[in-house]
S.K.: 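Next up is a structure, given as structure tokens.
Predicted model, so just to flag it, every value in this text is computed and none were measured. Residue numbers begin at 1 in each chain, while the letters A, B, ... track the order of the sequences.
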Number of protein chains: 2
Amino acid sequence: MRMSERVEWAAHCAVLLALLPDGRSLTAAQLAEYHGVPGPYLAKSLQALMQAGIVASRSGRSGGYRLARAADAVSLLDVFDAIEGEGAFFRCTEIRRRGPSRVAAARYTPVCGVAGAMWEAEQAWRASLARVNIADLAAGTVADAPPEAVAKGVRWLATVRVT
Amino acid sequence: MRMSERVEWAAHCAVLLALLPDGRSLTAAQLAEYHGVPGPYLAKSLQALMQAGIVASRSGRSGGYRLARAADAVSLLDVFDAIEGEGAFFRCTEIRRRGPSRVAAARYTPVCGVAGAMWEAEQAWRASLARVNIADLAAGTVADAPPEAVAKGVRWLATVRVT
DNA sequence: CCTAACTCGGATATCAGATATCCGAGTTCT
DNA sequence: AGAACTCGGATATCTGATATCCGAGTTAGG
Ligand code: SF4
Ligand code: SF4
């Protein structure tokens, strides 16, 4: 059970957008160049973030992406759900209701113990991710990254066409 | 991000084995019939449980599977890891080190904030699953299942060839 | 106001992992 | 010793993820 690497891309894009000066935006191609990932494929992830209301896009000649709301109002869980969809890790196949011990469907409890335990674990996971927001990650990124890398990033930002 | 349905099969197999009378075992074909799943494919999951030391197999004419240790010493997490492997949900691609802001690899912190948050959430998930063991699930299954289903299960167990 | 260029958005090929299955090696009872 | 039955790993098929393309729509500029 491995999550799509697009989640990592989307999270880092959100962090970078959070670090932009006010009013500034970046195109899909610029975000792809900065992270060194295939551009047309990253676009797909940005579309997902858009449908989830995390980023806003502006079309046309000077278009691009920017965060749709304040960075501290976007949790890492929001990003994950936007990319991976909201389906649970564990999906019941109702194997209780097959085989020789089956009885009428109405007689069963809604979920058995296995499903309950899985659901509870998943809630713990989601709660942990929900506690982290993009603003925290952006601050941490600047603080933890090598100073030279930050400087190079700022320099790069100055070279790309302002949109 | 969806977990394999084989995890559900394996968990239910473990519960059923935990409910068996002492010394009794079931073949892969019998476990498959009871749960209504494709036999040869379930065998693959049982092999995984075997390699993880959760079940023990006995070959030959009166062979079959039984739990390798006490049911309360097998957690749901053990079953999950046996089937899905132990790789983390989130795997770093090190996109920090690509693109225009990269610097020498040695200058980076081991993991960035994104990876740290993901890892922490995963630990919460694992801790929750580790708190549930097969003995609890077995007791819950008998308590929550429709009495008639339990009776049919017991009857079925009496009809299959004793191994 | 018109043009032109540039953007996003969804529709389209390619690939990996999961799903489902088979037959041979080994073991136990007769 | 023999025979039948078991597990175990090696083998096809298929769904979902990965990577890409071109058209619809929008904005800046002339
Ligand atoms: S409720 Fe239990 S038996 Fe039914 S599908 Fe979910 S895990 Fe399987
Ligand atoms: S440490 Fe951060 S930047 Fe590096 S691969 Fe992991 S998530 Fe991506």
S.K.: Looking at B:R6, does any N or O in its side chain come under 4.0 Å of the phosphate oxygens OP1/OP2 on C:dA18?
M.R.: no
S.K.: Going by heavy atoms closer than 4.0 Å, what residues in residues 19-57 of chain B are next to DNA chain C?
M.R.: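 Per residue number, the list reads B:P38, B:P40, B:Y41.
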S.K.: Check step by step if side chain to side chain contact (heavy atoms under 4.5 Å, CB included) holds for A:V79 and A:I134.
M.R.: CA-CA 9 Å; A:V79 174; A:I134 298 299; 4.2 Å; yes
S.K.: Check DNA chain C against residues 9-18 of chain B and give the residues with a non-hydrogen atom under 4.0 Å, in numerical order.
M.R.: B:W9
S.K.: Can you tell me how far apart CD1 (B:I54) and CZ (B:R69) are? Round to the nearest 0.5 Å.
M.R.: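 It is 6.0 Å, given to the nearest 0.5 Å.
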S.K.: What nucleic acid atoms does B:R2 come within less than 4.0 Å of, heavy atoms only: base, sugar-phosphate, or nothing?
M.R.: nothing
S.K.: Side-chain contact test, heavy atoms from C-beta onward, threshold under 4.5 Å: evaluate it for B:V132 versus B:L137 and give yes or no.
M.R.: yes
S.K.: Quick one, A:F90 and B:R2 - any side-chain contact, counting heavy atoms below 4.5 Å?
M.R.: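 The answer is no; the side chains never approach within 4.5 Å.
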S.K.: Side chains of B:S128 and A:E122: does their closest heavy-atom pair fall under 4.5 Å?
M.R.: no
S.K.: Rounded off to whole Å, could you give me the CE-to-P distance for the B:M1 and D:dT15 pair?
M.R.: 23 Å
S.K.: Calculate the interatomic distance between B:R66 atom CZ and D:dT6 atom C1'; express it in whole Å.
M.R.: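 The answer, rounded to whole Å, is 15 Å.
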S.K.: In the structure I gave you, are the side-chain heavy atoms of A:C112 and A:R96 within less than 4.5 Å of one another anywhere?
M.R.: yes
S.K.: Return the CZ to CZ distance between A:F80 and A:R126, rounded to the nearest 0.5 Å.
M.R.: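 A:F80 atom CZ to A:R126 atom CZ measures 7.5 Å (nearest 0.5 Å).
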S.K.: Partners of B:Y65 by ring-ring contact (aromatic ring centres under 6.0 Å, His included), sequence neighbours excluded?
M.R.: none
S.K.: When the distance from CZ of A:R91 to P of C:dT19 is rounded to whole Å, what number comes out?
M.R.: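 Rounded to whole Å, this separation is 12 Å.
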S.K.: Could you give the CE-to-P distance, from B:M3 to C:dT19, as a whole number of Å?
M.R.: 12 Å
S.K.: Name every donor-acceptor pair, under 3.5 Å, that has one atom in a side chain of residues 4-11 of chain B and the other anywhere in the protein, sequence neighbours excluded.
M.R.:
residue : atom : partner : partner atom : Å
B:S4    : OG   : B:R6    : N            : 3.0
B:R6    : NE   : B:S45   : OG           : 3.1
B:E8    : OE1  : A:T93   : N            : 3.1
B:E8    : OE1  : A:T93   : OG1          : 3.0

S.K.: Write out a two-atom table: protein N or O, nucleotide N or O from nucleotides 27-29 of chain D, distance below 3.5 Å.
M.R.:
residue : atom : partner : partner atom : Å
D:dA28  : OP1  : A:R58   : NH2          : 3.2

S.K.: Less than 3.5 Å apart, which donor and acceptor atoms pair up between the side chains of residues 16-39 of chain B and the rest of the protein, not counting sequence neighbours?
M.R.:
residue : atom : partner : partner atom : Å
B:R24   : NH2  : B:L157  : O            : 3.0
B:S25   : OG   : B:T163  : OG1          : 3.3
B:T27   : OG1  : B:A29   : N            : 3.4
B:T27   : OG1  : B:Q30   : N            : 3.1
B:Q30   : OE1  : B:T27   : N            : 3.0
B:Q30   : NE2  : B:R161  : O            : 3.4
B:E33   : OE2  : B:W156  : NE1          : 3.4
B:Y34   : OH   : A:S101  : OG           : 3.4
B:H35   : ND1  : B:L31   : O            : 3.0

S.K.: Run the numbers on B:F89 and B:M118 for side chain to side chain contact (heavy atoms under 4.5 Å, CB included), then give the verdict.
M.R.: CA-CA 8 Å; B:F89 300 167; B:M118 290 289 185; over 6 Å; no
